[in-house]
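Please read the structure below before turning to the comments.
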Protein chains: 2
Amino acid sequence: MVTIKDIARVAGVSYSTVSKALNNSPLVQEKTKQKILKIAEELGYQPNIAAKKLVSNKSKTIGVVWPTVNRVTLSTIVTKINEEIENASYSMILSINPLNSAVNMFKRFQVDGIVVFDDQELSDQHLEANIPIVFLGGTNGRFPSIDVCRRDAFYNAVQYLHSLGHRHLAFVGHLPHRNNRQFEKYIGFTEALIHLGINPQPEMFINTEGLYLYHGYEAMKKLLKSDYQPTAVVGGSYEITEGIIRAVKEAGLKIPDDISVIGYDNIPQMENLEVPVTAVGAPVDKIAKTTVDVLISHINNPSEKAKVYKVEPEIFERKSCRPISE
Amino acid sequence: MVTIKDIARVAGVSYSTVSKALNNSPLVQEKTKQKILKIAEELGYQPNIAAKKLVSNKSKTIGVVWPTVNRVTLSTIVTKINEEIENASYSMILSINPLNSAVNMFKRFQVDGIVVFDDQELSDQHLEANIPIVFLGGTNGRFPSIDVCRRDAFYNAVQYLHSLGHRHLAFVGHLPHRNNRQFEKYIGFTEALIHLGINPQPEMFINTEGLYLYHGYEAMKKLLKSDYQPTAVVGGSYEITEGIIRAVKEAGLKIPDDISVIGYDNIPQMENLEVPVTAVGAPVDKIAKTTVDVLISHINNPSEKAKVYKVEPEIFERKSCRPISE
DNA sequence: TTGTAAGCGTTATCAA
DNA sequence: TTGATAACGCTTACAA
């Protein structure tokens, strides 16, 4: 392995001069610098990151704790976060370990900051971390967190459909007993209904009992067979929305001619479904950007106090909704 | 940051003693060792990898290049590999970047070795790496690789069903034009049929046109409605097998009473399906262990030459198959 | 059994 | 403008 000392020996200078030259310091004479650079090149010098890390105590690395590896939206967000991190001249390390052990590993690697996907189970974990951490997905008192405003998203979806003339709506989503994330969606939908003067009825809420395609498919089939025939539905997740589309298609109906659909999870993939689906929710790009910005800001200013950063939902209009007259 | 010096101060010993204790050296008194370990624990000590790497020129870290594909088996393997890596006293870094950029990142991190999930697209990439790499999933000439023997797995599945008396079989799997991995499954199934004197018929092969639940579900529904009624089917992936089960259930049939099912992808999750499913394939534990063993062996002996390491498929009998008499 | 001290490759602070 | 030198956190002879 070629070190700066080898270069120094060949160049006939001290190795501290070599270090400065290699870091393009203005403190070395241009001529010396060029000579050193040339020798470094010839010798095939590669800096030793471990040593750099040791002395600077910065790794320019961000760790991401990502336990739920099998959801499209989450992988999309991870991918975007990766891009944002690289844009900011950092590197990303992923860990699929549980929160605490992932954080330990990241400490060993001396990451400069950590992003945690805030799953339900994680929130309760005791976490002792003297390192900047951002929780992504909900609100969290102890650490800075990114709130994706699920409630507002569903509120907006209903409002949008209402503005298109729809009065018979349905919520097709997961309604577990103890899950604030999902509950927020339900509340947002209900709240909008009330504000718009639509009386919430039980048949408007179809519990998919899961977040995946099959759940959405089954729930939608059930809905289409029921007495209540909405003119528009809102899907509770990307996968659920996929299932809704299949079910509608199988029933021989057309989107948006026979029924309008809005999907939650504002990811680009909504464009590529059989029908490009109008989506609502905080756009993944913004979620990723906010997350990384907040984290880096906390890295640079460790005393910054924890708060909740909201990413506002937006509606991306595509081809799955149409106006309707009563 | 907590260092061995902090521990030394608290324990009232020198930091070299701490180092030895932490590395479980026989040169420290058991009592001292325990005391030091306890303090390290209390202080939340995490070793600094950069420093370790500097002095030992080893980072004790393995990088894994992982395609962000939402398949249970892949996440399971990654999880198992993570465990194996930790068992071997290494740490795992995941990267979801494309092969080359992931490898570059891993080099900067000075990992000791790299595991690559061998997707179709990756195989063609030009890769210049002077670092041990293992390709996982197929066969690869230039690098050591782990072959999960898909062909043998399907061969064995057919043989097993045949031994139970089944003569009317069906393959429910993904048959894309250009994918050796999937094609191997098809070949194994066919080969066994021929060897056992069963004449392969087109209706025995149901192309799911995808590897996910919905694909299996749809394909199985189609099969159940067709003229050909097999007494046993083999599912081409875990998710496909899930879909098969749904379809069978919806048709009002019982597994294994009315139809036997074997699933490919030998993962523990097969146990937790509605019917615990008899699975075939290289067990994920062994895949993970072999992968990590091979990589570490190449790390310790860099001149070892690249070869293909096979992980033999096994059948895990559960409750989804029953004997049948002609 | 424990401690001392050198050194891994680098950056950064002074002094020359 | 350059060069000594002291860290950074750790392992490992070797000395005590």
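Every chain is numbered from 1 and lettered A, B, ... according to where its sequence line falls, protein lines coming before strand lines. Computation of the quantities below employed the complete heavy-atom set of this structure, encompassing side-chain atoms and omitting hydrogens, waters and symmetry-equivalent molecules.
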Considering every strand and a 4.0 Å limit on heavy-atom distances, what is the contact class for A/K5: base, sugar-phosphate, or nothing? base

Using a cut-off of 4.0 Å on non-hydrogen atoms, how would the nucleic acid contact of A/S19 be classed: base, sugar-phosphate, or nothing? base

Tell me if the side-chain of B/K20 makes a donor-acceptor pair with the base of C/dG3, cut-off 3.5 Å, by modelled atom types. yes

Within the modelled atom types, does a donor on one side and an acceptor on the other bring the side chain of A/S16 and the base of D/dA4 under 3.5 Å apart? yes

Donor-acceptor pair, side chain of B/D112 and main chain of B/K60, under 3.5 angstrom: yes

Short question: side chain of A/K33, backbone of A/K20 - any donor-acceptor pair under 3.5 Å? no

Regarding B/D152 and B/K310, does a basic nitrogen lie under 4.0 Å from an acidic carboxylate oxygen? no

From D/dT1, C/dA6, D/dG3, pick the nucleotide closest to the side chain of B/Y15? C/dA6

Between D/dG3, C/dC8, C/dT2, which nucleotide gets closest to the side-chain atoms of B/L54? C/dC8

Measure the distance from CZ on A/F109 to P on D/dC8 and round it to the nearest whole Å. 22 Å

Starting at atom CD1 of A/I7, determine the distance to atom P of C/dT11, rounded to an integer number of angstrom. 11 Å

Taking only side-chain nitrogens and oxygens of B/T17, does any of them come within less than 4.0 Å of OP1 or OP2 of C/dT2? no

Go through the side-chain N and O atoms of A/Q269 and A/T76 and say whether any donor and acceptor fall under 3.5 Å apart. yes

